[in-house]
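Before any comments, here is the structure.
In what follows, chains are A, B, ... by sequence order, proteins preceding strands, each numbered from 1.
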There are 2 protein chains.
Amino acid sequence: MSPARTARALARETITREILDSARARLSTDGAAALSLRAVARDVEMVSSAVYRYFPSRDALLTALLVESYDELGEAAEAADAAVADRADTAARWLATFRAVRAWCVAHPGEFGLLYGTPVPGYAAPRDTVVPAVRVVRVLARIVGDAYAAGARPTAVPAPVAAATADAPVTVAPGLAFIADQGLWTGTDLADDDVAEAVRRTIIAWTTLFGLISFELFGHQVGSVADPVTWLDEVALRLGADLGIGV
Amino acid sequence: MSPARTARALARETITREILDSARARLSTDGAAALSLRAVARDVEMVSSAVYRYFPSRDALLTALLVESYDELGEAAEAADAAVADRADTAARWLATFRAVRAWCVAHPGEFGLLYGTPVPGYAAPRDTVVPAVRVVRVLARIVGDAYAAGARPTAVPAPVAAATADAPVTVAPGLAFIADQGLWTGTDLADDDVAEAVRRTIIAWTTLFGLISFELFGHQVGSVADPVTWLDEVALRLGADLGIGV
DNA sequence: CTTTGGCAAGAGCGGTGCTCTCGGTTGTGT
DNA sequence: ACACAACCGAGAGCACCGCTCTTGCCAAAG
């Protein structure tokens with residue numbers, strides 16, 4: 001960017017990219033926990049110690065991969081939503097987002113494992129990763145908000161749930177605070193109860209979507225789901241219908 | 001068992017147990033992928049090569065841990081269901097099972113990572129693991145079957161879902177073949193459509209339960225869910241209500 | 001032209017899975 | 001009672017890993 005594109009800066013940029021690409025390739029074959037800095041070094045034909053000039057530690061490399069992957073996934077979700085021409089067709093946007101998220105994860109199983117799988121043992125993701133991490137659920141929330149602004153409403157709470165949670169405290173409250181912060185749901189004249197209900201179901205939808213993909217990629221669906229693609233479509237429809245999307 | 005409890009056989013049994021226990025402890029601290037045979041050897045105060053007398057490879061040790069953990073989790077689920085005195089109260093059994101599954105997973109995060117997290121890179125689970133692996137979902141299916149035998153029915157399919165899947169092939173068909181095989185849902189005079197719907201929702205329920213626990217244990221709920229325990233209760237109620245459990 | 005600093009290379013430390021060999025112990029058939 | 005076989009723990013060794021430190025080269029900046 002700013003630091004005068006000298007030959008040296010350019011070379012550094014190129015090599016950094018090569019390292020990241022090789023690391024992501026290794027991610028899919030070896031898994032995040034077993035990501036080997038030496039193996040990456042061999043791939044880019046450098047000595048292992050040289051890689052440390054670009055990333056001060058294996059953890060730093062992991063963080064870079066984490067941010068890059070979260071951003072790619074979020075970008076894919078946002079692009080899929082934005083590609084639906086009829087902005088009022090929230091059902092189509094909802095389905096497109098579900099499909100795009102799954103498609104990215106299936107195309108990048110290694111990165112998915114890094115993002116949502118077993119945490120890498122001695123590694124804790126730094127703060128920088130939370131913003132890109134919520135991009136996907138932000139897309140979902142925005143679609144819900146648009147649907148409600150257009151008059152849609154969540155379906156009624158099932159009677160037993162309503163009875164059991166009548167005087168229970170709202171457990172999800174801090175939950176999607178950023179929804180309010182970022183004004184995703186302003187413009188909707190929802191009652192507070194409807195907002196709470198919508199937040200709950202949005203979180204459930206995201207949780208289920210993650211469960212679907214995780215089961216598929218980690219091999220827990222063999223013999224129980226014939227076709228993951230149509231299965232995901234159907235579940236997406238059901239979750240959307242609960243939210244009042246797609247009437 | 002049968003092979004005459006000689007002093008040697010007894011010692012072998014004891015040491016095998018010690019190795020397994022140490023390995024499971026390490027599982028929680030280091031993660032499944034980084035499980036080090038040398039580390040468990042140090043824990044049981046043996047030389048690493050000696051451990052190979054008990055498990056021919058690290059993979060064999062992993063398989064043993066996998067089977068043992070699946071069985072423990074399945075046992076916990078079955079015990080929770082069985083502990084509900086009023087067998088007709090399927091809602092209570094449903095909730096108890098959800099709670100027990102979560103409780104076991106929270107108490108055994110390392111084992112959970114092994115069972116449901118990122119697959120260990122060079123390791124593929126052998127056939128022996130599929131039987132214990134389905135015990136949990138079997139418990140859920142049995143409860144659903146009991147509810148339907150007592151007259152419960154799944155709630156109506158949301159209109160948009162019904163419309164979209166009207167002429168779509170059944171994608172989940174082979175799915176819970178073992179439900180029919182093991183006669184979990186005999187005694188219910190369900191229409192074929194209701195059976196298909198119930199199978200779908202049972203799978204969705206299990207998928208969502210897994211997603212909930214995974215998000216909680218892997219740190220994707222921070223800031224979005226205040227109290228995982230009451231949140232799980234509520235989601236369990238909702239999923240049960242969709243299935244017609246808990247009217 | 002000199003100095004600063006980025007960068008590749010290599011040696012070295014302690015860790016890993018796994019194999020092989022060497023004695024000592026235990027169980028068993030004669 | 002003895003001998004043979006099976007078993008088992010210890011140790012050395014191989015090739016790999018992440019990471020640190022030192023050395024020396026070479027381009028960029030003054």
Side-chain angles (χ1 to χ4, degrees), chain A residues 1-20 22-23 25-27 29-66 114 119-124, chain B residues 1-20 22-23 25-27 29-66 114 119-124:
Chain A
M1 315 275 180
S2 45
R5 319 252 308 166
T6 72
R8 175 172 271 172
L10 213 85
R12 183 174 186 84
E13 205 170 294
T14 305
I15 296 187
T16 303
R17 235 323 1 113
E18 279 178 20
I19 293 176
L20 283 173
S22 296
R26 289 247 160 232
L27 220 51
T29 60
D30 300 350
L35 190 137
S36 152
L37 208 144
R38 284 177 122 103
V40 174
R42 272 196 304 272
D43 289 349
V44 298
E45 290 175 333
M46 285 201 304
V47 136
S48 71
S49 57
V51 179
Y52 284 84
R53 299 289 179 181
Y54 297 87
F55 296 94
S57 71
R58 176 172 169 271
D59 284 6
L61 178 57
L62 277 177
T63 299
L65 293 173
L66 211 50
L114 173 65
V120 179
Y123 173 78
Chain B
M1 311 277 183
S2 44
R5 320 256 302 169
T6 71
R8 176 172 274 172
L10 212 85
R12 181 173 187 85
E13 206 169 294
T14 305
I15 296 188
T16 303
R17 234 324 0 112
E18 279 179 19
I19 292 176
L20 283 173
S22 295
R26 288 249 160 230
L27 220 51
T29 60
D30 299 349
L35 189 135
S36 152
L37 206 143
R38 284 177 122 105
V40 308
R42 275 195 302 271
D43 290 348
V44 298
E45 290 177 332
M46 284 202 304
V47 137
S48 72
S49 58
V51 180
Y52 283 84
R53 303 285 183 189
Y54 297 86
F55 296 94
S57 71
R58 176 172 170 272
D59 284 6
L61 178 57
L62 277 177
T63 300
L65 293 173
L66 211 50
L114 173 64
V120 178
Y123 172 79

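- In this structure R53(B) satisfies the side-chain contact (heavy atoms from CB on, under 4.5 Å) test with no other residue, sequence neighbours excluded.
- Each salt bridge (Lys or Arg N to Asp or Glu O under 4.0 Å) pair with one or both residues in residues 39-52 of chain A, not counting sequence neighbours, appears once here: R26(A)-D43(A).
- Separating the CZ atom of R26(A) from the C1' atom of dC17(D) is a distance of 12 Å, rounded to the nearest angstrom.
- Protein atom CG of D43(B) is 10 Å distant from nucleotide atom P of dT16(C), rounded to whole Å.
- Rounded to an integer number of Å, the gap from D30(B) CG to dG15(C) C1' is 12 Å.
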Footprint string (nucleotides 5-14 of chain D, 5' to 3'): B base within contact, S backbone only, - free, heavy atoms under 4.0 Å: -BBBBBB-B-
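- Looking at residues two or more places apart in sequence or on another chain, you find a side-chain contact (heavy atoms from CB on, under 4.5 Å) between S36(B) and R38(B), A39(B).
- Residues L35(A) and A23(A) share a closest heavy-atom pair of CD1-O, 3.8 Å.
- As judged by a 4.0 angstrom heavy-atom cut-off over every strand, L35(B) is placed among residues touching the sugar-phosphate backbone only.
- Remark: R12(B) pairs with no residue by the side-chain hydrogen bond (donor to acceptor under 3.5 Å, both in side chains) rule, at least two apart or across chains.
- One atom, CZ of R42(A), and another, C1' of dA8(C), lie 17 Å apart when rounded to the nearest Å.
- Of the residues in residues 55-64 of chain B, none lies under 4.0 Å from DNA chain D by heavy-atom distance.
- For Y123(B), the side-chain contact (heavy atoms from CB on, under 4.5 Å) partners are D59(B), L62(B), T63(B), L66(B), V120(B), A125(B), P126(B), not counting sequence neighbours.
- Separation of atoms CG (L61(A)) and OG (S22(A)) is listed at 10.0 Å; rounding is to 0.5 Å.
- Every residue two or more places apart in sequence or in another chain that forms a side-chain contact (heavy atoms from CB on, under 4.5 Å) with A33(B) is listed here: A33(A), P121(B).
- Out of dC17(D), dC19(D), dG17(C), the shortest distance to the side chain of Y52(B) is found at dG17(C).
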